[in-house]
Amino acid sequence: MTWLAIPQDSPYGVHNLPYGVFTAADQPGRRRIGVRIGDSVLDAGAAARAAGAPSVLLDADTLNPLMAAGRPTWREVRAALTEWLTDEAHRPVVAPCLLPLAEVELHLPFEVADYVDFYASEHHATNLGRIFRPGSEPLTPNWKHLPIGYHGRAGTVVVSGTPIVRPHGQRKAPTEPLPSFGPTRRLDIEAEVGFVVGTPSALGTTVPMGGFREHVFGVCLLNDWSARDIQAWEYVPLGPFLGKSFATSVSPWVVPLDALEHARVAPPVRDVEPLAYLDDRSSEPWGLDLAMEVSLNGHPVSRPPFATMYWTAAQQLAHMTVNGAALRTGDLFASGTVSGPEPETRGALIELTWNGEHPIKLADGTERTFLENGDEVAITATAPGPDGTRIGFGEVTGRIVP
């Protein structure tokens, strides 16, 4: 219980305490680490000083120093924050460090080092296989043997609310004899979950699945915007490039991994035996029961279930480093599009509209196959918390501009 006046079942109670970075009117030029509690943001650095425990990690202007400090420090800081917000003795000095959420501006919470996007939903991969390779096996031969992924562009990861400029590039429809250049005609979303690396690893070493909780600081929501026509023309044989690299949006809050203990579930049963470094059958489970929702212009269009993901984040991290690639503080790796087995649980418009063949209808009577200028997409999620509570992730939004 917290001494703040928030509902006991708030998704932003002391069982959550997600981290972000904000600015406020009292110090408009200074970015500060904040912790969300209810509809307030705790100035973490100011609270530490007020409680008599000043911290250079909490006084930083980004989460990276705290993330690099490692799991023992993460647990100590989380315990201290919980104490300050639950022990009535701290109330007189900590309460002045709270700011209304509506009065702060949220920023990208960490400096992104590298960005990797995976392709971990069997339902999503199967749907795309059926769309692009009708009449043949939808999954590629390697799909159930390894988590397929690609390296993205870290410099175009942006915080929720950043306008998304419609990208230009080469595109060629099947009926066109030659490619043309111009704005994408098939701008899409990908509803995903992002995992943020804190503790780095040395080049030439690997991180086994058992090292997942020692290296991953927390979890955020992610939208990997996609220009499907640019992607279709360029991706053979080397994979996504300009069709993906123009923007990736992340939520402003990073939920600590320790806040998700009650959300952990076993992943789906695998029908192909994995190689030893990916075999998690006797390991602690790292499937996560996240309930996601995708809205377009305020109208819910999909509710993807993250628990259906075939490959877990622990397997993805193990595969990402099995060749000796080093982890860096601020690395971000994403789950890939989250899609479930039912049409209303698909996490991308290319699936929801079956590549434009079946437009979706919005509440205002309009239809969409892909995104139009002025459209706004919002992705939200919650997860089970202790004693029947929910863990909130905030939202990741973006509006399309010409």
* Output field: ring centroids F217/Y19 closer than 6.0 Å -> yes
* Asked: Do the side chain of W74 and the main chain of L66 share a donor and acceptor less than 3.5 angstrom apart?
  -> yes
* Looking only at atom types and distance, does a side-chain atom of T184 sit under 3.5 Å from a main-chain N or O of R186, one as donor and one as acceptor? -> yes
* Donor-acceptor contact present, side-chain D331 to main-chain V197, <3.5 Å -> no
* **W253/L106 under side-chain contact (heavy atoms from CB on, under 4.5 Å): CA gap, chis, key distance, verdict** => CA-CA 9 Å; W253 300 110; L106 299 173; 3.8 Å; yes
* Asked: Do Y310 and H123 meet the criterion of a side-chain donor-acceptor pair at a distance under 3.5 Å?
  -> no
* Side chain of R133, backbone of P138: donor and acceptor closer than 3.5 Å? -> yes
* Can any side-chain N or O of T369 pair as donor or acceptor with the backbone N or O of G356 at less than 3.5 Å? -> no
* To do: Taking S10 for its side chain and G38 for its backbone only, find out whether a donor-acceptor pair lies under 3.5 Å.
  => no
* E122 versus W143: any side-chain heavy-atom pair under 4.5 Å? -> yes
* For residues R390 and N16, is any side-chain donor paired with an opposing acceptor at under 3.5 Å? -> no
* Just say parallel, tilted or perpendicular for the rings of Y115 and Y150, cut-offs at 30° and 60°. => perpendicular
* Do any N or O atoms from the side chain of T397 and from the backbone of S160 form a donor-acceptor pair under 3.5 angstrom? -> no
* With distance as the sole test, does E234 use its side chain to make a donor-acceptor pair with the main-chain N or O of L242 at under 3.5 Å? -> yes
* Asked: What is the ring orientation for F333 with F118, classed by angle as parallel under 30°, tilted 30 to 60°, or perpendicular over 60°?
  -> perpendicular
* Judged by atom type as modelled, is there a donor-acceptor pair below 3.5 Å linking the side chain of R31 to the main-chain atoms of A60? -> no
* Asked: Is there a donor-acceptor contact under 3.5 Å linking the side chains of S339 and E351?
  -> yes
* Asked: Between R166 (side chain) and H168 (backbone), is there a donor-acceptor pair under 3.5 Å?
  -> no
